[in-house]
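Numbers here simply count residues along the sequence, with the first being 1. Remember, it's 1-based here, ligands and their atoms both numbered in the order they're listed.
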Amino acid sequence: MNQPVTRASVYAFYTDALQRGRNTAENLQAATSERFNTLLESITEATPRTALDLGYGAGTYTIALARAGFDVVAVDQIPCDPLLRRLDGAGDWAHRIEPRQCLAEDFTIDENFGVLVAKDVLHYLARPSVEALLTSAVAHARGENYHYLEVFTAITRRSADGQLLRIEGEASYSPESFRRRIQRIYQGWDLTLLWSKHAEQDSRTGLNCFEAIRATVIAANQAA
Ligand SMILES: C[S@@+](CC[C@H](N)C(=O)[O-])C[C@H]1O[C@@H](n2cnc3c(N)ncnc32)[C@H](O)[C@@H]1O
């Protein structure tokens, strides 16, 4: 049977890892992906220079967006000080970043963000929250907007002693249920959906502690 993991322990895990600048099995300190870099380089002046990064973690995607000239609202459940420390003494672009300590599901999207990034975070939310967030981002999109999402589906988690784990309230999408919802939410947008297998190892046991199919969504609103 799946053992429940509380949301409080997910909060404690990320707060500790990010306060200490610790890397984790998921590679929290990783650079931005090639797919994201290619997307960012392709964005023209037709896209509003505002961005939202949901679940920014160490802030790597937030920083890439700010360096590219976007004013970024960076949302994460963890305290803002690890990101603020990272920005301290950085270039002028650092002033374009507004960190907010807030649950993604409590963040109201009521403005037009030219770029929305949500990488490796939406699977933690309940399905209605994921869908409400994306739906309101789509409803407020004006001009050439881009959404870059990486979302884990078909997740299997195991404790060090091999017990199956699940996080309370998490979306638990199958690839098919996720694909259907994304196609419905992004009707009229150019949609690219890519799938890849993903696994993370427990450094103590060498065994897989997390396996999933990662969906990468690149949605472009060219309608303007
Ligand atoms: C796997 S990390 C991803 C960090 C970053 N997006 C990246 O890919 O480098 C997940 C992040 O999501 C945050 N998170 C998880 N659930 C959240 C929620 N409900 N609301 C806001 N942030 C959340 C965690 O605190 C953590 O910083």
Out of all atoms in ligand 1, which are within 4.0 Å of some heavy atom of [X]? Include the element for each.
X    : value
E105 : 18 (C), 19 (N), 20 (N)
G57  : 4 (C), 27 (O)
A104 : 18 (C), 20 (N), 21 (C)
L28  : 2 (S)
L18  : 27 (O)
I78  : 25 (O)
C102 : 21 (C)

Between [Y] and [X], do the side chains contain a donor N or O and an acceptor N or O under 3.5 Å apart?
X    : Y    : answer
D71  : T50  : no
E176 : S174 : no
D110 : T108 : no
Q19  : D16  : no
Q201 : N208 : yes

Looking only at non-hydrogen atoms, which of F13, Y11, Y14 approaches atom 24 (C) of ligand 1 most closely?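 Of the listed residues, Y14 has the closest heavy atom.
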[X] vs [Y] aromatic rings, parallel, tilted or perpendicular, using cut-offs 30° and 60°?
X    : Y    : value
W189 : H147 : tilted
H123 : F152 : perpendicular
Y61  : Y148 : parallel

Nearest heavy atoms of [X] and [Y], plus distance in Å:
X    : Y    : result
A58  : R86  : O-NH1, 2.7 Å
I155 : A212 : CG1-CB, 4.0 Å
R22  : Q29  : O-NE2, 3.6 Å
R7   : L103 : NH2-CD2, 4.3 Å

Which is it for [X] and ligand 1 at heavy atoms under 4.0 Å: side chain, backbone, both or neither?
X    : result
T60  : neither
L103 : both
Y56  : backbone
L125 : side chain

Give the residue and atom name of whichever protein heavy atom lies nearest to [atom], and the separation in Å to one decimal.
atom                    : result
atom 25 (O) of ligand 1 : D76 OD1, 2.7 Å
atom 7 (C) of ligand 1  : K119 NZ, 4.0 Å
atom 12 (O) of ligand 1 : V121 CG2, 3.4 Å
atom 10 (C) of ligand 1 : D120 O, 3.5 Å
atom 22 (N) of ligand 1 : Q77 N, 3.3 Å
atom 4 (C) of ligand 1  : G55 O, 3.3 Å

With side chain to side chain contact (heavy atoms under 4.5 Å, CB included) as the test, pick out the partner of Y56 among L54, T60, D53.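 Only one of L54, T60, D53 forms a side chain to side chain contact (heavy atoms under 4.5 Å, CB included) with Y56, namely D53.
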R7 near ligand 1 by a heavy-atom separation under 4.0 Å: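 Right, R7 reaches ligand 1.
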Determine whether any heavy atom of T24 lies closer than 4.0 Å to an atom of ligand 1.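 No, T24 has no heavy atom closer than 4.0 Å to ligand 1.
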Output yes when the distance from some N or O of ligand 1 to some N or O of [X] is under 3.5 Å, and no in every other case.
X    : result
D53  : no
Y61  : no
E26  : no
Y124 : no

Going from CG on D190 to CG on N221, what distance comes out if it is rounded to the nearest 0.5 angstrom?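 One finds 8.5 Å between CG of D190 and CG of N221.
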